[in-house]
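Down below is the structure, laid out as structure tokens.
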Amino acid sequence: MDTSSLMEQIVSNDNLNVAYRQVVRNKGAAGVDGMEYTELSNHLSENGENIKEQLRTRKYKPQPVRRVEIPKADGGVRKLGVPTVTDRFIQQAIAQVLTPIFEKQFHNHSYGFGPNRCAQQAVIKALEMRNDGHNWIVDIDLERFFDTVDHDKLMTIIGRTIKDGDVISIIRKFLVSGIMVDGEYEDSVIGTPQGGNLSPLLANIMLNELDKEMEARGLDFVRYADDCIIMVGSRQASERVMRSITRYIEEKLGLKVNASKSKIDKPKGIKYLGFGFYYDSFAKEYRAKPHAKSVEKCKARMKELTCRSWGVDNAYKVKKLNELIRGWINYFKIGSMKGLCEKLDSNIRYRLRMCICELP
């Protein structure tokens, strides 16, 4: 495919209209300029043609992303970068054109951030591989992946496929647009801010190099975004794989493996995408179920939603609780939940009685 004139596809009216609708559908917070997504239509009506010309002539300058820190369950924080709504619109337009091109290159065992791909597919594939006779799992945790991507390495990889210099230029501009932290500007010399519309695609482009390396070594693996597990046949082989793949990730890709969170274990000791694995002696195979930590996290959230001190009416509490339950069951429905739903139901009824005094 000729990729030397992609910018015209990006700034075409059809592509931009789709990008606009997606950005508005996603809603999202304002960036550093304070513009809300509801204001994007008027902004583009007045400035759309100028933005298109700036993109064609390499004069468009993305604004810094606004740093937002989200607390993590382990006590740390996840650093997100919120682009302006205009930059989200442009990133979305770029992603729509580039995604079909790169999707053809991505490995079949990569399930994150792709069209018609999801976490449940990754878990099902992991089970298939495990039940083919692999007794050990290498669980590799990438430390602060989105914050540590090397721009030059990433752009080199993109440049192997994309030959349009205008597109290459705007992608690099987004990578180096900077970060606003508490009103202070910081350079973004590495990383691709988690939160931008283009970041998921850039992450898959980078980590597809890891996929290709693992395939070349004949390894059975599953990857969802930066969560990767490798199935091997013995403890000795798993230790060898852990050492060699860690070396490749750090030396060739310039990323960092979190040694404290990466591990080698039997399937029962692994938590992957919220699921745990157990051996079904009747079916004589491994199956998935919600991991104990996922169950406890759900119960803790139920407790928050039914807290008496939460200053909302009971009808709203019940609404939010129903949303939690439906989302949780929909996510874990591929796993075995025998007996679990009854326990959760008992917990729900207890929490509601504590909150409302009696069930409606």
Assess, by modelled atom type and distance only, whether the side chains of [X] and [Y] contain a donor and an acceptor separated by less than 3.5 Å.
| X | Y | result |
| --- | --- | --- |
| N26 | Q22 | yes |
| N330 | K333 | yes |
| Q105 | T161 | yes |
| S12 | D14 | no |
| N197 | Q91 | no |
| K52 | N13 | yes |
| S110 | R117 | no |

Stepwise salt bridge (charged side-chain N to carboxylate O under 4.0 Å, His left out) check, R160 with E209
CA-CA 12 Å; R160 295 176 196 157; E209 298 298 297; 3.1 Å; yes
With rounding to the nearest 0.5 angstrom, report the [atom1] to [atom2] distance, [X] to [Y].
| X | Y | atom1 | atom2 | result |
| --- | --- | --- | --- | --- |
| M231 | W136 | CE | CH2 | 15.0 Å |
| T86 | E39 | OG1 | CD | 9.5 Å |
| F174 | S169 | CZ | OG | 10.5 Å |
| R172 | S177 | CZ | OG | 12.5 Å |
| I170 | R56 | CD1 | CZ | 13.5 Å |
| E143 | S260 | CD | OG | 7.0 Å |

In this structure, would [X] and [Y] fall into the same cluster of hydrophobic residues linked by side-chain contacts under 4.5 Å?
| X | Y | answer |
| --- | --- | --- |
| I249 | I190 | no |
| I334 | Y278 | no |
| V82 | F146 | no |
| L44 | M7 | yes |
| L198 | I101 | yes |

Could you go step by step and tell me if K293 and E296 meet the salt bridge (charged side-chain N to carboxylate O under 4.0 Å, His left out) rule?
CA-CA 5 Å; K293 290 183 179 179; E296 290 306 310; over 6 Å; no
Once the angle between the rings of F106 and F102 is folded into 0 to 90°, is it parallel (under 30°), tilted (30 to 60°) or perpendicular (over 60°)?
parallel
Would you call the rings of Y279 and Y286 parallel, tilted or perpendicular if under 30° counts as parallel and over 60° as perpendicular?
perpendicular
With a 4.5 Å heavy-atom cut-off, do [X] and [Y] have their side chains touching?
| X | Y | answer |
| --- | --- | --- |
| D166 | I168 | no |
| M242 | S238 | no |
| L142 | K256 | no |
| P290 | W328 | yes |
| H109 | R223 | no |
| Y224 | I229 | no |
| P115 | E103 | yes |

Other residues, nucleotides and ligands only: do more than 12 of their heavy atoms fall within 6.0 Å of [atom1] on [X]?
| X | atom1 | answer |
| --- | --- | --- |
| K153 | NZ | yes |
| N116 | CG | no |
| Y185 | OH | yes |
| K79 | NZ | no |
| K289 | NZ | no |

Tell me, please, which residues at least two apart from M214 pass side-chain contact (heavy atoms from CB on, under 4.5 Å).
L210, D211, L219, F221, C228, I230, I245
Please identify which of these residues, I157, I158, V149, L207, meets the side chain to side chain contact (heavy atoms under 4.5 Å, CB included) condition with L202.
I158
List the steps and the verdict of ring-ring contact (aromatic ring centres under 6.0 Å, His included) for F89 and Y20.
CA-CA 6 Å; F89 163 70; Y20 167 78; 7.0 Å; no
Salt bridge (Lys or Arg N to Asp or Glu O under 4.0 Å) pairs, two or more places apart, involving residues 224-244:
R235-E239
